[in-house]
Participant: 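So that we are looking at the same thing, I have put the structure below in structure tokens.
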Amino acid sequence: MKWVNEAIPKTDGLSLVTGQGVYTDDLAPKDCLIVKVLRSPHAFARIKSIRTERAARVAGIACVLTWEDVPRIRYTLAGQSYPEPSPYDRYILDQVVRYVGDPVAIVAGRDEAAVNKALGMIQVKYEVLDPVLDFEQALDNPTVIHGEADYHNNFPIGGDPKRNLVASGCEGEGDVEAALAQCDVVLDRTYYTQANAQAMMETFHTYTYLDQTGRLNVVSSTQVPFHCRRIISHALGLPQSAVRVLKPRIGGGFGAKQTLVSELFPALVTQRTGRPAKIVFTRKEAFQGSNSRHQMRVRVRVGAMQDGTIKAVDMHALSNAGAYGEHASTTVGLVGHKSIPLYAKNAAFRFSYDVVYTNTMAAGAYRGYGATQGCFAMESIINELAVELAMDPAQLRLHNIPQEGDNMPAYYNEPLSSSRLPQCIRRGMKMIGWDKKYPAVRVDERHVRGVGMAITMQGSGISAIDTATVTIKLNDAGHYTLMIGATDMGTGCDTILAQIAAEVLGCPMERITVAAVDTDHSPFDTGSYASSTTYVTGKAVVMACTELVEKITAEGARRLGIHPERAEFDGDMVYDRTDPEKSFSLNSLAEALVVGEGTQWLTATASNCSPTSPPPLMAGFAEVEVDLETGEAKVTDYVGVVDCGTVVNKNLARVQTEGGIAQGIGMALYEDVQYDSRGQMVNSSFMQYKIPCRTDLPQLRVAFEESYEPNGPFGAKSIGEVVINTPSPAIAQAIYNAAGVRVRSLPITAEKILLGRSETT
């Protein structure tokens with residue numbers, strides 16, 4: 001292959017590093033209205049009255065909107081395929097506010113100063129209600145967060161809002177209790193993960209305008225343009241044909257922008273005033289008024305025989321949806337579906353879950369999407385099981401994991417069609433120096449370095465749901481336009497898809513232009529989430545480009561006067577296989593389009609919806625140095641070995657892996673969205689919310705063990721999410737090996753380590 005499996009620089013890399021990237025706020029007209037939101041100071045309250053007269057009289061104010069001025073249409077902000085599995089539990093503005101930061105009023109004006117002045121003049125009287133802030137106390141609490149009569153689900157997800165229950169479910173195979181009773185060793189442990197902020201560089205930006213036909217145009221930093229169009233039209237009571245969504249460059253998303261956050265506020269203002277409007281979230285708003293990773297409590301029971309054979313896995317997850325139920329039922333599903341299959345090849349298993357409402361900011365999508373929380377719990381108890389059995393944790397895993405070709409009952413009964421996971425484990429052991437360092441090495445009297453490991457799997461799109469359509473067009477100068485609906489949010493998917501197209505078309509990548517997403521012109525794609533783009537959209541690119549090659553070959557054959565079966569296309573020429581001197585150039589064929597020599601424009605369109613979601617796999621190894629006197633833990637080495645099938649772009653795969661590991665280290669050691677007793681977020685800036693910076697991280701070492709996925713483009717699977725999962729359990733085990741302290745709640749702070757040491761001594 002010439003382009004696939006190479007280290008190709010990002011097509012937009014130079015513009016990014018030289019500061020020439022153009023984002024949503026750069027595109028907004030200078031004279032558009034500035035939109036801001038007045039937000040609730042209370043975690044749970046009913047608005048008794050709201051007075052806006054003084055605010056509306058501020059010079060330059062175009063409109064002030066309250067719950068009485070907006071459509072009373074229930075909807076969900078979750079950017080998921082229709083019918084959405086998330087409950088319709090929102091209004092654009094509501095008389096009841098359910099968390100500190102919930103929107104109360106929308107103000108639009110000529111400049112920020114006028115809008116800020118008007119915000120300060122709105123008078124609101126609240127009836128303050130008792131909030132539910134502890135997710136372990138939410139179920140069947142006397143306080144009911146959603147008591148509205150028009151609460152709606154598109155289909156049953158096991159919820160009951162009168163119990164503060166968003167969703168629940170249970171599935172499994174075999175008799176778990178009987179299997180546990182027969183085991184030599186049974187462990188029962190409970191683990192906690194906290195809410196984490198996605199903390200992308202670009203916050204939530206949207207601007208809106210009416211075009212010459214009166215249609216609402218929405219330009220937004222979104223991962224899901226087509227879902228965005230559907231949700232906006234529904235919430236505003238408009239036909240989808242009246243809404244157009246355009247996606248410019250995205251400054252990072254990590255799942256946060258799979259939920260609509262900023263779009264409806266300026267859209268409503270433009271609809272009411274007829275004027276362009278924009279909203280740019282402050283960093284504090286991005287923390288307090290968007291979405292986060294779901295906080296969870298995961299209880300796991302594992303039963304095994306003395307030789308390490310796992311016979312039973314029982315997992316229950318309690319998930320905190322926050323004030324609204326976006327992504328609630330789908331995120332929690334991955335807790336079990338992406339962790340249990342690695343150990344339930346021949347074991348009875350059960351996975352159950354409850355998702356509850358609380359009066360905290362709504363949770364949503366975040367890289368890993370539930371698999372991260374499940375991996376922490378499952379891999380932690382496997383590490384504990386290894387200690388209990390006096391086995392090497394790497395060998396315990398090698399003894400139990402499914403092999404290529406095995407069926408995975410806990411993964412929708414899908415077969416493991418490609419896997420190099422055993423090789424990932426063995427290579428990671430060698431890279432970290434496992435045989436010499438496990439379990440720990442004393443550095444000096446105060447410092448000990450321990451090592452730990454974890455494995456994980458994710459998916460490649462959502463099987464039988466995620467859909468991608470691609471159109472490839474030959475232009476009159478012999479170059480191509482690749483039209484996609486997938487959104488590049490900094491991951492480089494425009495580059496990757498251009499590589500795949502160039503490989504099939506046999507041309508330089510410079511001939512491929514990837515068009516920006518515009519719901520009026522781009523073919524449908526469910527969006528960039530669920531690690532779907534390379535696997536799902538990439539396969540559609542292969543299909544469309546293959547069809548276009550056939551059309552080019554057939555047209556060249558017609559002009560050469562030969563049968564199409566004798567013709568061949570090499571990327572530049574269509575020639576007669578039996579007489580190579582007889583040829584017709586692609587440029588000549590393209591030029592014929594201009595003069596209209598009876599030639600139709602050559603385009604091809606293909607759609608792909610995969611019936612399977614082959615899992616990428618990873619083994620992660622952490623070395624952590626613990627200061628026994630202060631409790632400080634610092635990662636001194638991290639090795640990640642990934643099986644993502646064929647690596648389409650070696651540069652981008654490496655930086656994806658490094659970035660995911662860095663985020664995982666943040667989740668393990670630093671990140672924790674916290675609330676005070678009134679429901680106020682106490683760490684809503686980077687001064688208080690700690691994410692790892694470069695000096696907090698070691699040199700992250702990445703390697704790939706390439707399998708070949710028969711259903712993927714050129715054998716590729718996904719990589720975007722699997723890379724974030726292993727750090728938390730691997731680091732937790734390394735700390736245990738170094739300090740003898742078992743911490744089962746994230747983040748693992750110095751205080752927890754010192755407290756654990758004092759308890760053991």
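Because only heavy atoms are used, hydrogens play no part in the values below, and waters and symmetry mates are left out as well, while side chains stay in. Sequential numbering from 1 along the given sequence is applied to the chain's residues.
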Participant: Show the nearest heavy-atom pair for residues Asn651 and Ala7, with the distance to one decimal.
Facilitator: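 Smallest interatomic distance, heavy atoms only, reads ND2-O, 3.4 Å.
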Participant: Can you sort out the partners of Ala619 under side-chain contact (heavy atoms from CB on, under 4.5 Å), two or more places apart, ordered by chain and number?
Facilitator: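 In terms of side-chain contact (heavy atoms from CB on, under 4.5 Å), with neighbours along the sequence ignored, Ala619 is linked to Cys424, Ile425, Ile455, Phe621.
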Participant: For the side chain of Asn5 and the backbone of Met1, is there at least one donor-acceptor N/O pair under 3.5 Å apart?
Facilitator: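 Not at all, since once roles are kept as given, no pair shorter than 3.5 Å links the two residues.
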Participant: Between Thr76 (side chain only) and Ala78 (backbone N and O only), is there a donor and an acceptor less than 3.5 Å apart?
Facilitator: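 Flag set: sc Thr76 to bb Ala78 pair under 3.5 Å.
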Participant: Check Ser319 against Val332 and note the closest heavy-atom contact, atom names and distance.
Facilitator: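 Closest pair (atom of Ser319, atom of Val332, distance): CB-CG2, 4.1 Å.
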Participant: Take the angle between the ring planes of Tyr529 and His227 and call it parallel below 30°, perpendicular above 60°, tilted in between.
Facilitator: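 Ring orientation, 0 to 90° scale: tilted.
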Participant: Hydrogens and angles aside, do Glu568 and Thr553 bring a side-chain donor and acceptor to less than 3.5 Å of each other?
Facilitator: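 On atom types as modelled, these side chains do not qualify, holding no pair under 3.5 Å.
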Participant: Any luck finding a side-chain donor-acceptor pair between Ser610 and Lys539 under 3.5 Å?
Facilitator: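 There is no such pair between these side chains.
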Participant: Under a 3.5 Å distance rule, please check whether His294 uses its side chain to pair with a backbone N or O of Gly364 as donor and acceptor.
Facilitator: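 Yes: the side chain of His294 pairs with the backbone of Gly364.
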Participant: Pairing donors with acceptors under 3.5 angstrom, does anything connect the side chains of Gln80 and Thr330?
Facilitator: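 Result is yes, a qualifying pair exists.
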Participant: For the side chain of Asn608 and the backbone of Val536, is there at least one donor-acceptor N/O pair under 3.5 Å apart?
Facilitator: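 Yes.
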Participant: Any chance you could measure Arg230, atom CZ, to Thr519, atom OG1, to the nearest 0.5 Å?
Facilitator: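 The distance works out to 12.5 Å.
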Participant: Any side-chain donor-acceptor pair under 3.5 Å between Thr259 and Glu326?
Facilitator: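 Their side chains do not contain a donor-acceptor pair, so the 3.5 Å distance test is not met.
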Participant: Check this for me, if you would: do Asp89 and Arg74 make a salt bridge, where the nitrogen-to-carboxylate-oxygen distance has to be below 4.0 angstrom?
Facilitator: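 No.
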Participant: For Phe254, does its backbone N or O pair with a side-chain atom of Gln198 as donor and acceptor, under 3.5 Å?
Facilitator: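 Answer holds: no.
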Participant: Nearest 0.5 Å, what's the NZ-OG1 distance between Lys473 and Thr481?
Facilitator: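 Lys473 atom NZ to Thr481 atom OG1 measures 5.0 Å (nearest 0.5 Å).
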Participant: Between Lys717, Arg420, Arg427, which is the residue that forms a salt bridge (charged side-chain N to carboxylate O under 4.0 Å, His left out) with Asp643?
Facilitator: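 Answer after filtering Lys717, Arg420, Arg427: Lys717.
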Participant: Are Leu334 and Gln458 close enough that some pair of their side-chain heavy atoms sits under 4.5 Å apart?
Facilitator: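 A side-chain contact under 4.5 Å exists here.
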Participant: Hey, is Glu555 close enough to Lys551 for a salt bridge, meaning N to O under 4.0 Å?
Facilitator: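 Between Lys551 and Glu555 there is no salt bridge, as every charged N stays at least 4.0 Å from the carboxylate O atoms.
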Participant: Determine yes or no for a side-chain-to-main-chain donor-acceptor pair under 3.5 angstrom, with Ser613 supplying the side chain and Ile462 the backbone.
Facilitator: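 Judged by distance alone, no pair lies under 3.5 Å.
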Participant: Hey, does Pro402 have a side-chain heavy atom less than 4.5 Å from the side chain of Pro341?
Facilitator: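 SC-SC contact between Pro341 and Pro402 ruled out.
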Participant: Can you tell me how far CG of Leu77 sits from CD of Glu84, rounded to the nearest 0.5 angstrom?
Facilitator: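 Glu84 CD to Leu77 CG: 10.0 Å, rounded to 0.5 Å.
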Participant: So which atom in Glu721 and which in Tyr369 form the shortest heavy-atom distance, rounded to 0.1 Å?
Facilitator: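 Looking at all heavy atoms of both residues, the shortest contact is OE2-CB, 3.7 Å.
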Participant: What do the steps show when you test Thr487 against Gln223 for side-chain hydrogen bond (donor to acceptor under 3.5 Å, both in side chains), and what is the final call?
Facilitator: CA-CA 6 Å; Thr487 56; Gln223 296 173 221; over 6 Å; no
Participant: Using a strict cut-off of less than 4.0 Å between a Lys/Arg side-chain nitrogen and an Asp/Glu carboxylate oxygen, indicate whether Asp12 and Arg249 qualify as a salt bridge.
Facilitator: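 Answer for the salt bridge query: yes.
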Participant: Could you give the distance from NZ (Lys2) to SG (Cys507), rounded to the nearest 0.5 Å?
Facilitator: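 Output value for this atom pair is 9.0 Å.
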Participant: Judged by atom type as modelled, is there a donor-acceptor pair below 3.5 Å linking the side chain of Glu414 to the main-chain atoms of Tyr411?
Facilitator: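 Checking the backbone N and O of Tyr411 against the side chain of Glu414, no donor-acceptor pair under 3.5 Å is found.
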Participant: Check whether Asp488 reaches the backbone of Thr491 with its side chain - one donor and one acceptor, N or O, closer than 3.5 Å.
Facilitator: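 Such a contact is found between Asp488 side chain and Thr491 backbone.
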Participant: Can you name the nearest heavy-atom pair linking Ile724 to Gln663, along with the distance?
Facilitator: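 Taking every non-hydrogen atom into account, CD1-CB, 3.7 Å.
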Participant: Give the minimum heavy-atom separation between Asn407 and Asn413, together with the two atoms involved.
Facilitator: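 Closest heavy-atom pair between Asn407 and Asn413: OD1-O, 2.7 Å.
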Participant: Would you mind reporting whether Tyr191 and Ile381 have side-chain heavy atoms less than 4.5 Å apart?
Facilitator: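 Of all side-chain heavy-atom pairs linking Tyr191 with Ile381, at least one is under 4.5 Å.
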Participant: To the nearest 0.5 Å, what is the distance between OH on Tyr353 and NE2 on His316?
Facilitator: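 NE2 of His316 is found 10.0 Å from OH of Tyr353.
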Participant: Please determine whether a side-chain nitrogen of the Lys or Arg among Arg301 and Glu177 lies less than 4.0 Å from a carboxylate oxygen of the Asp or Glu.
Facilitator: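 Salt bridge flag = yes for Glu177 with Arg301.
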Participant: Salt bridge or not for Arg350 and Glu171, using N-O below 4.0 Å?
Facilitator: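 Glu171 and Arg350: not salt-bridged.
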Participant: For Met509 versus Thr11, what's the shortest heavy-atom pair and its separation?
Facilitator: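 For Met509 versus Thr11, the nearest heavy atoms are CE-CG2, 4.0 Å.
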Participant: To the closest 0.5 Å, what do you measure between CD (Gln499) and SG (Cys493)?
Facilitator: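 Between atom CD of Gln499 and atom SG of Cys493 there are 11.5 Å.
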